[in-house]
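For reference, the structure is listed below as structure tokens.
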Amino acid sequence: MQPGVDYIGVGVGGLIVNEKDETLLMKRGLKSRNLIGYWNRPGGIIEFGENSRNAICREIREEFGVEVEILGAFGTDETFLTEEKQHWVSIQYVCRITQGNPKNMEPDKVDEIGWFPLTKLPEPHHATLALWAETYLREKNRFWKN
């Protein structure tokens, strides 16, 4: 049984941002579960017994080799991927890197990574990435306390 296909998948997503209003993205490769060739934020499945905050920190560590601080939660995202016949519900977070330099830790699943201005996202990207980028820019003061 596959999450997202045989039953609704439950996951997390993280918009990693910096003080320059840039976000760290990955271009999904041929062995990705979905959205192959699209730029997107990191994320993945919540494992049994794992809370969503720990899950996004783990996923970012696995994908980029960095430690992050969660600046806040956006809410949830429900995604229907018609071509892949997948349905996902994901809890979305805003994060910042606290330790390490990002590198592509999953070259079999990710073609490339990079920092991009939130106002100039690379193409192609999934519509939810643009939605969360716009939401962050509109509400960023609530995430940066200092």
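Keep in mind that the numbers below use all heavy atoms, side chains included, and drop hydrogens, waters and symmetry copies.
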Next item on the list: Evaluate whether atom CD of Glu78 has more than 12 neighbouring non-hydrogen atoms of other residues, nucleotides or ligands under 6.0 angstrom away.
Entry: yes

Item checked: Leu118 to Tyr136 - nearest heavy-atom pair and separation -> CD1-CD2, 3.4 Å

Note to self: Minimum heavy-atom separation for Pro124 and Gly37, please, with both atom names.
What the structure shows: CG-O, 3.5 Å

Notebook entry, point to check: When you look at NZ of Lys103, are more than 12 heavy atoms from neighbouring residues, nucleotides or ligands closer to it than 6.0 Å?
Noted result: yes

Note to self: With rounding to the nearest 0.5 angstrom, report the CZ to CZ distance, Phe74 to Arg142.
What the structure shows: 7.0 Å

Check: Apart from Leu30 itself, what residues make up its hydrophobic cluster, given side-chain heavy atom links below 4.5 Å?
Finding: Ile36

Next item on the list: Any chance you could measure Glu112, atom CD, to Lys27, atom NZ, to the nearest 0.5 Å?
Entry: 5.5 Å

Margin query: Is the shortest side-chain heavy-atom distance between Val94 and Glu139 below 4.5 Å?
Written below: no

Next item on the list: Could you grab the distance from atom NZ of Lys109 to atom CD of Glu63, nearest 0.5 Å is fine?
Entry: 7.5 Å

Item checked: Contacts of Asp111 that satisfy salt bridge (charged side-chain N to carboxylate O under 4.0 Å, His left out) - sequence neighbours left out -> none

Notebook entry, point to check: Hey, what do you get for CG (Leu129) to CD (Glu134), rounding to the nearest 0.5 Å?
Noted result: 9.5 Å

Checklist line | Nearest-0.5 Å distance, CZ of residue Arg53 to SG of residue Cys95 | finding: 8.5 Å

Notebook entry, point to check: Can you list the residues that meet the salt bridge (charged side-chain N to carboxylate O under 4.0 Å, His left out) rule with Glu50, with sequence neighbours excluded?
Noted result: Arg58

Check: Should Trp39 and Leu121 be marked as a side-chain contact (heavy atoms from CB on, under 4.5 Å) after you check the CA-CA gap, both sets of side-chain angles, and the distance that decides it?
Finding: CA-CA 8 Å; Trp39 286 92; Leu121 299 172; over 6 Å; no

Item checked: Sequence-distant partners of Glu22, salt bridge (charged side-chain N to carboxylate O under 4.0 Å, His left out), two or more places apart -> none

Margin query: Counting only heavy atoms not in Phe143 (residues, nucleotides, ligands), do more than 12 fall under 6.0 Å from its CZ?
Written below: yes

Notebook entry, point to check: Within a strict 4.5 Å, meaning less than it, do heavy atoms of the Thr128 and Gln92 side chains meet?
Noted result: no

Notebook entry, point to check: Any side-chain heavy-atom pair from Thr79 and His126 closer than 4.5 angstrom?
Noted result: yes

Notebook entry, point to check: Between Asp6 and Gln2, which heavy-atom pair has the shortest distance, and what is it?
Noted result: OD2-N, 2.6 Å

Item checked: Aromatic ring pairing His87/Phe80, orientation class (parallel under 30°, perpendicular over 60°, tilted between) -> tilted

Check: What's the spacing between Arg28 CZ and Arg33 CZ if we round to 0.5 Å?
Finding: 8.5 Å

Check: Taking a hydrophobic cluster as the set of Ile, Leu, Val, Met, Phe, Trp and Tyr residues connected by side-chain heavy atoms closer than 4.5 Å, whether directly or through intermediates, do Val89 and Leu15 fall within one such cluster?
Finding: no

Note to self: Less than 4.5 Å apart, side chain to side chain, heavy atoms only: is that true for Glu62 and Met105?
What the structure shows: no

Checklist line | Transitive ILVMFWY side-chain link Leu137 to Phe116, under 4.5 Å | finding: yes

Check: Does CD belonging to Glu123 count more than 12 external heavy atoms closer than 6.0 Å?
Finding: yes

Next item on the list: For Asn101, look at atom CG and say whether over 12 heavy atoms of other residues, nucleotides or ligands are found less than 6.0 Å away.
Entry: no

Next item on the list: Considering only Ile, Leu, Val, Met, Phe, Trp and Tyr, and joining two whenever side-chain heavy atoms are under 4.5 Å apart, list the other residues clustered with Val12.
Entry: Val10, Ile16, Leu24, Met26, Ile46, Ile56, Ile60, Phe64, Val66, Val68, Ile70, Ile91, Tyr93, Ile97, Val110, Ile113, Trp115

Margin query: We want to know whether Gln86 and Asn34 form a side-chain donor-acceptor pair, criterion being a heavy-atom distance below 3.5 angstrom.
Written below: yes

Checklist line | ring-ring contact (aromatic ring centres under 6.0 Å, His included) partners for Phe48, two or more places apart | finding: none

